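Here is the structure we will look at.
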Amino acid sequence: MNDLVKRLSDYDTLKKVYHISGAELSYPSSAALREIVDITRSIIFPGYFGSPSFDLQTLSYHIGVNIEKLRCLLNKQIFAALSFDFCEGEKPCDDLLKDKSNTIAEAFIDRLPTMRETLVTDVEAAYLGDPAAKSYAEIILCYPAIKAISNYRIAHELLVLGVPLIPRMIGEMAHSETGIDIHPGATIGKYFTIDHGTGVVIGETTIIGDHVKLYQGVTLGAKSFPLDENGNPIKNLPRHPIIEDNVVIYSNATVLGRITVGENAVIGGNIWVTNDVEKGAKIVQYKRN
């Protein structure tokens, strides 16, 4: 037993997967982040998530209570993420990190009205784009695309505000639940929808315009990426596609590299696209006679 403990405690074998933690430091809590997402959804879609026991006269009270809950949870989790990010180097004092956490939490909450405006367009796009949808309620409560897109929009705002780690955790929650993988670093416009959704992958530097529709299995990915002198991938390079307005990409299409798919283009299913697509073009499989 002593030998086993010694082997498992050997720093050389665990240094790449070992987290140095101070007495008050911890990484963000997955359970708390799920609660943050749930509360944010209850503010954006009141009556569909959270307590349904209110009406228009008490709506302001319920939203106010949820905002206070959200502010408290965000402060703690952002502080944990900022502390975690500094754990292996010189960490600023806790008071500075707490001030920064509070500033970021307030900025995120201030963006909630804009997030709702954008998510309403996503719900509308899903409803208008699917004859099987009977109501907006069905879209909000049942469609995995809305769950994944709402997680993405929450995560993206936190990433833009400079929060480490948490955006990826929130994105991966939706990924594990829906099979839709949207990196929080992607930039996605209004009226965005994903039909069915399973297997969709949207990479970190993807840019998507307004009124874009994807079907299941679509990959907006990168080709091979350059390495530095040590053989490690060079980070932060724009390596994913730009999808302009009013584009439709059908199931299992693979669009790779920093290419542009022009507005109003249509990409058919099971296509491998690695070159620019002109505006209004229709790309389909070649059919032999």
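Note that the coordinates shown come from a computational prediction; the quantities given were computed from them, not determined experimentally.
- Inter-residue side-chain proximity for Ile243 and Leu214 is flagged as unmet; no heavy-atom pair is nearer than 4.5 Å.
- One hydrophobic cluster, built from ILVMFWY side chains closer than 4.5 Å, cannot hold both Val255 and Leu237; they sit in different ones.
- Cluster annotation: Tyr215 is not connected to Ile194 through the hydrophobic network of ILVMFWY side chains, with a link wherever side-chain heavy atoms come within less than 4.5 Å.
- For the pair His183 and Thr206, the minimum side-chain heavy-atom distance is 4.5 Å or more.
- A heavy-atom distance below 4.5 Å is not found between the side chains of Val201 and His175.
- Looking at Asp245, its side chain never comes within 3.5 Å of a backbone N or O of Gly209 through a donor-acceptor pair.
- A pairwise comparison of heavy atoms in Ala155 and Gly171 identifies CB-N, 4.4 Å as the closest pair.
- More than 12 heavy atoms of other shown residues, nucleotides or ligands fall within 6.0 angstrom of atom CD in Glu68.
- Heavy-atom neighbours of Asn232 CG from other residues, nucleotides or ligands within 6.0 Å: above the threshold of 12.
- Between Tyr191 and His211, the ring-plane angle classifies as parallel under the 30° and 60° cut-offs.
- Proximity of Ile170 to Pro184: side-chain heavy atoms (C-beta onward) are nowhere separated by under 4.5 Å.
- Linking ILVMFWY residues whenever their side-chain heavy atoms come closer than 4.5 Å, directly or via other members, places Tyr27 and Leu82 in the same cluster.
- With contacts defined as side-chain heavy-atom distances shorter than 4.5 Å, the pair Ile188/Asp122 does not qualify.
- Between Ser150 and Leu119, the shortest heavy-atom distance links the atoms CA-CD2, 3.7 Å.
- In the hydrophobic clustering of this structure, Leu74 groups with Met115; members are Ile, Leu, Val, Met, Phe, Trp, Tyr whose side-chain heavy atoms approach within less than 4.5 Å, directly or through other members.
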Working for side chain to side chain contact (heavy atoms under 4.5 Å, CB included), residues Val247 and Val277: CA-CA 11 Å; Val247 168; Val277 176; over 6 Å; no
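- In this structure, the side chains of Ser30 and Glu172 stay at 4.5 Å or more apart for every pair of heavy atoms.
- Heavy atoms from other residues, nucleotides or ligands lying under 6.0 Å from OH of Tyr250 number 12 at most.
- Within the 3.5 Å criterion, the main-chain N or O of Ala186 finds a donor-acceptor partner in the side chain of Tyr152.
- Between the side chain of Asn75 and the main chain of Asn102, a donor-acceptor pair closer than 3.5 Å is present.
- Put simply, the side chain of Asp130 reaches to within 4.5 Å of the side chain of Tyr143, judged on heavy atoms.
- Under the 4.5 Å side-chain heavy-atom criterion for Ile, Leu, Val, Met, Phe, Trp and Tyr, Val160 and Ile109 are members of distinct hydrophobic clusters.
- Considering every non-hydrogen atom in both Lys134 and Tyr127, the closest pair reads C-CE1, 3.9 Å.
- A donor atom on one side chain and an acceptor atom on the other are found under 3.5 Å apart for Asn151 and Arg41.
- Distance alone, capped at 3.5 Å, is enough to place a donor-acceptor pair between the Thr178 side chain and the Ile180 backbone.
- A donor-acceptor distance shorter than 3.5 angstrom exists from the side chain of Asp276 to the backbone of Thr260, with no hydrogens or angles considered.
- Between Thr40 atom OG1 and Arg153 atom CZ the span is 14.5 Å, to the nearest 0.5 Å.
- Of the inter-residue distances, the one linking Cys72 atom SG with Ile67 atom CD1 reads 14.0 Å to the nearest 0.5 angstrom.
- A donor-acceptor pair under 3.5 Å is absent between the side-chain atoms of Lys69 and the main chain of Ile39, judged by distance alone.
- Between the side chain of Asp228 and the backbone N or O of Asn230 there is at least one donor-acceptor pair closer than 3.5 Å.
- Separating the CG atom in Leu158 from the CD atom in Gln77 is a distance of 11.0 Å, to the nearest 0.5 Å.
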Steps toward side chain to side chain contact (heavy atoms under 4.5 Å, CB included) verdict (Lys213, Asn246): CA-CA 8 Å; Lys213 184 175 186 177; Asn246 301 302; over 6 Å; no
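- The two residues Thr205 and His240 make their nearest non-hydrogen contact at OG1-ND1, 2.7 Å.
- Rounding to the nearest 0.5 angstrom, the gap separating the CD1 atom in Ile267 from the CH2 atom in Trp272 is 13.5 Å.
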Step-by-step side chain to side chain contact (heavy atoms under 4.5 Å, CB included) determination, Lys279 to Asn264: CA-CA 6 Å; Lys279 295 180 180 180; Asn264 299 305; over 6 Å; no
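- Closest non-hydrogen pair, Glu244 versus Val212, comes out as O-CG2, 3.4 Å.
- A perpendicular orientation is assigned to the rings of Phe45 and Tyr48, their planes being inclined by more than 60° (bins at 30° and 60°).
- Rounding to the nearest 0.5 Å places CZ of Arg111 at 13.0 Å from CD of Glu106.
- At a threshold of 4.5 Å between non-hydrogen side-chain atoms, the residues Phe108 and Leu70 count as touching.
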Test log, rule side chain to side chain contact (heavy atoms under 4.5 Å, CB included), inputs Ile166 and Ile36: CA-CA 11 Å; Ile166 287 175; Ile36 284 170; over 6 Å; no
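- Note that CD1 of Ile202 is 4.5 Å distant from CD1 of Ile182, once rounded to the nearest 0.5 Å.
- Nearest approach of Lys190 to Asp210, heavy atoms of both residues: N-OD1, 2.8 Å.
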